[in-house]
Amino acid sequence: MDLAKLREQIDAIDKQIVELYEQRMDVSKQVAQYKMETGKKVFDKEREEAKIRKVKSMTHNEFNSTGVEELFEQIMSMSRKLQYQMLTEKGALGRLPFIGVDRLDTEHARVVFPGAEGAYTQAAMERYFGKNVNSFHVDTFRDAMIAIEEGSADYAVLPIENSTAGIVNEIYDMLVEFENYIVGEQIIKIEHCLMALPGTKIEDIKTVYAHPQSLMQSSRYLQEHVSWRQIGMNNNAFAARKVAEDKDCTQAAIASEHAAETYGLSILERGINQSSMNSTRFIVVTNQKIFLKDAKKVSICFEVPHESGSLYHMLSHFIYNNLNMNKIESRPLEDRNWEYRFFIDFDGNLADSAVKNALRGLRDEAREMKILGNY
């Protein structure tokens with residue numbers, strides 16, 4: 001057989017496919033117009049499932065059946081996205097429940113941070129709000145989330161991700177649990193210091209205290225001192241405070257230089273974390289559904305049906321709306337084995353039509369979807 005002639009046949013068929021696709025999209029526009037007038041939802045799961053069954057029954061072998069299913073899932077997905085776009089442009093999908101503000105009220109704000117004086121979280125808070133910020137500290141991340149939910153603080157500053165140790169799982173889970181929202185972020189370079197009571201020598205140390213992530217970030221250094229017992233603390237500042245209060249020369253803490261100054265400890269080694277580029281990203285959280293009008297990053301989370309291709313279809317909303325997704329994480333769902341909630345950061349502003357379009361599609365098609373913030 002002549003390959004050139006076969007390719008000519010394929011080209012002719014492809015031309016027909018394109019023409020038919022465009023005809024189908026024209027009809028989809030009319031469907032969107034009808035839904036605008038009647039208030040019907042774009043996504044009709046039962047209708048689409050019935051359509052897939054029907055087109056699969058028209059094929060003549062299993063391979064084609066699978067291929068046609070995938071093809072029509074894509075075609076119907078494109079049809080939905082066109083309808084979402086039209087509905088968004090006409091304002092038929094309503095407004096997102098977030099209010100744009102010109103700036104955050106940082107001058108009169110009361111801010112909470114987890115840990116103790118000298119914590120990296122305190123440094124992030126002061127970098128974002130200024131040295132004279134009206135602040136207080138609590139013991140745990142949860143305590144900080146409760147403080148802003150109940151209104152005893154306007155904002156909380158929380159660590160969410162470290163460039164070496166990865167995400168702080170607890171924070172991700174609590175962003176879903178609490179009705180609190182991200183309105184800002186601050187990145188702090190991390191330099192862990194080994195500190196102890198004044199006069200302590202390296203050879204005196206038997207126990208070292210730090211947050212588990214800090215112990216992990218300093219693992220190469222700690223491997224040089226295998227006899228040291230490593231004990232995790234909720235916060236590095238707690239570790240420094242404990243060493244200062246116990247007045248035991250066999251104890252040391254891993255924390256910031258600021259913590260050493262706060263608790264009167266001597267720094268024995270600086271920069272013991274293995275990465276000189278180690279940084280932690282902190283988020284600023286409030287209980288108000290607000291966002292800065294010049295915000296450039298959106299954070300969301302959603303659950304998807306435990307079905308083949310479901311995540312792919314969710315992510316296609318970013319592709320079709322030309323949105324740059326710059327992060328995706330997953331967390332297991334409690335009491336549902338092998339099912340996950342996905343967390344995504346992407347570039348955009350809640351006032352952008354492309355962002356609205358993508359979020360409306362995700363909200364209709366995901367099992368659960370929550371906007372975590374725009375900042």
Side-chain angles (χ1 to χ4, degrees), residues 111-141 143-144 156-159 162-165 168 170 186-282:
V111 185
V112 60
F113 68 94
E117 297 290 332
Y120 283 115
T121 315
Q122 183 184 28
M125 176 192 68
E126 292 181 353
R127 183 82 61 85
Y128 191 89
F129 289 95
K131 290 279 188 181
N132 297 322
V133 60
N134 177 11
S135 67
F136 66 99
H137 55 85
V138 291
D139 287 347
T140 68
F141 299 152
D143 290 339
V157 178
L158 300 161
N162 178 266
S163 58
T164 302
V168 183
E170 186 180 354
Q186 182 67 58
I187 296 174
I188 294 287
K189 184 177 179 181
I190 303 299
E191 183 183 55
H192 291 325
C193 300
L194 182 73
M195 59 194 67
L197 294 173
T200 301
K201 298 178 181 178
I202 291 283
E203 51 267 30
D204 296 332
I205 296 172
K206 294 181 180 178
T207 306
V208 61
Y209 297 92
H211 188 277
Q213 280 200 344
S214 299
L215 293 171
M216 182 170 64
Q217 293 160 17
S218 308
S219 59
R220 290 180 193 166
Y221 176 81
L222 293 173
Q223 284 169 9
E224 299 172 8
H225 303 279
V226 292
S227 64
W228 292 357
R229 189 163 61 119
Q230 300 176 30
I231 298 179
M233 302 284 286
N234 285 340
N235 186 279
N236 286 342
F238 288 160
R241 187 175 66 185
K242 176 177 175 55
V243 171
E245 291 176 348
D246 287 357
K247 301 188 183 305
D248 184 346
C249 287
T250 67
Q251 295 181 356
I254 295 173
S256 67
E257 182 177 355
H258 180 43
E261 293 172 356
T262 301
Y263 296 105
L265 300 176
S266 295
I267 295 177
L268 305 181
E269 296 275 4
R270 296 179 185 275
I272 65 172
N273 43 308
Q274 46 257 37
S275 173
S276 60
M277 302 299 291
N278 188 8
S279 299
T280 294
R281 182 165 69 98
F282 295 84

- Run the numbers on Leu268 and Ile205 for side-chain contact (heavy atoms from CB on, under 4.5 Å), then give the verdict. CA-CA 11 Å; Leu268 305 181; Ile205 296 172; 3.6 Å; yes
- Show your working on side-chain hydrogen bond (donor to acceptor under 3.5 Å, both in side chains) between Gln217 and Ser275 and close with a plain yes or no. CA-CA 8 Å; Gln217 293 160 17; Ser275 173; over 6 Å; no
- Item | side-chain contact (heavy atoms from CB on, under 4.5 Å) between Asn273 and Thr164, intermediate numbers included | CA-CA 9 Å; Asn273 43 308; Thr164 302; over 6 Å; no
- Task: List the steps, then state whether side-chain contact (heavy atoms from CB on, under 4.5 Å) holds for Asn235 with His211.
- Result: CA-CA 5 Å; Asn235 186 279; His211 188 277; 5.5 Å; no
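Relative ring orientation between Tyr221 and His225 is described as tilted, the plane-to-plane angle lying within the 30° to 60° band.
Closest approach of Ser256 to Gly118, counting heavy atoms only: OG-O, 3.1 Å. The two residues Pro114 and Leu158 come nearest to each other via the heavy atoms CG-CD2, 3.8 Å. Of all the heavy atoms in Ala210 and Ile254, the pair that sits closest is CB-CB, 3.6 Å. Of all the heavy atoms in Met233 and Pro212, the pair that sits closest is O-CD, 3.4 Å. The two residues Ile187 and Arg127 have their closest heavy-atom pair at O-NH1, 4.1 Å. Between Ala116 and Ala237 the shortest heavy-atom distance is O-CB, 3.6 Å.
Formation of a donor-acceptor pair under 3.5 Å by the Asn162 side chain with backbone atoms of Ser279 is found in this model.
Taking the ring pair (Phe, Tyr, Trp, His ring centres under 6.0 Å) definition, one finds that Tyr263 meets it with nothing, sequence neighbours left out. Evaluation of the ring pair (Phe, Tyr, Trp, His ring centres under 6.0 Å) rule for His137 yields Phe113 as partners, not counting sequence neighbours. Taking His192 as the reference, Tyr120 meet the ring pair (Phe, Tyr, Trp, His ring centres under 6.0 Å) condition, with sequence neighbours excluded.
Between atom CG of residue Leu197 and atom CD of residue Gln251 there is a gap of 8.0 Å, rounded to the nearest 0.5 Å. Atom CD of Glu191 and atom CD1 of Ile272 lie 10.0 Å apart (nearest 0.5 Å). Distance check: Gln230 CD to Ser218 OG gives 9.0 Å after rounding to the nearest 0.5 Å. A distance of 9.5 Å separates CE of Met195 from CD of Glu261, quoted to the nearest 0.5 Å. Taking CZ of Phe141 as the reference point, atom OG1 of Thr121 lies at 6.5 Å (rounded to 0.5 Å).
No more than 12 heavy atoms of other residues, nucleotides or ligands lie within 6.0 Å of CG in Asn234, so this atom counts as exposed by the packing criterion.
Inter-residue side-chain proximity for Tyr128 and Val111 is flagged as unmet; no heavy-atom pair is nearer than 4.5 Å.
Each of Val133, Val112, Ile188 was evaluated against Met125; a single residue qualifies, Val133, per the side-chain contact (heavy atoms from CB on, under 4.5 Å) test. For the side-chain contact (heavy atoms from CB on, under 4.5 Å) criterion with Leu194, the lone passing option out of Leu222, Ile202, Leu265, Ile267 is Ile202.
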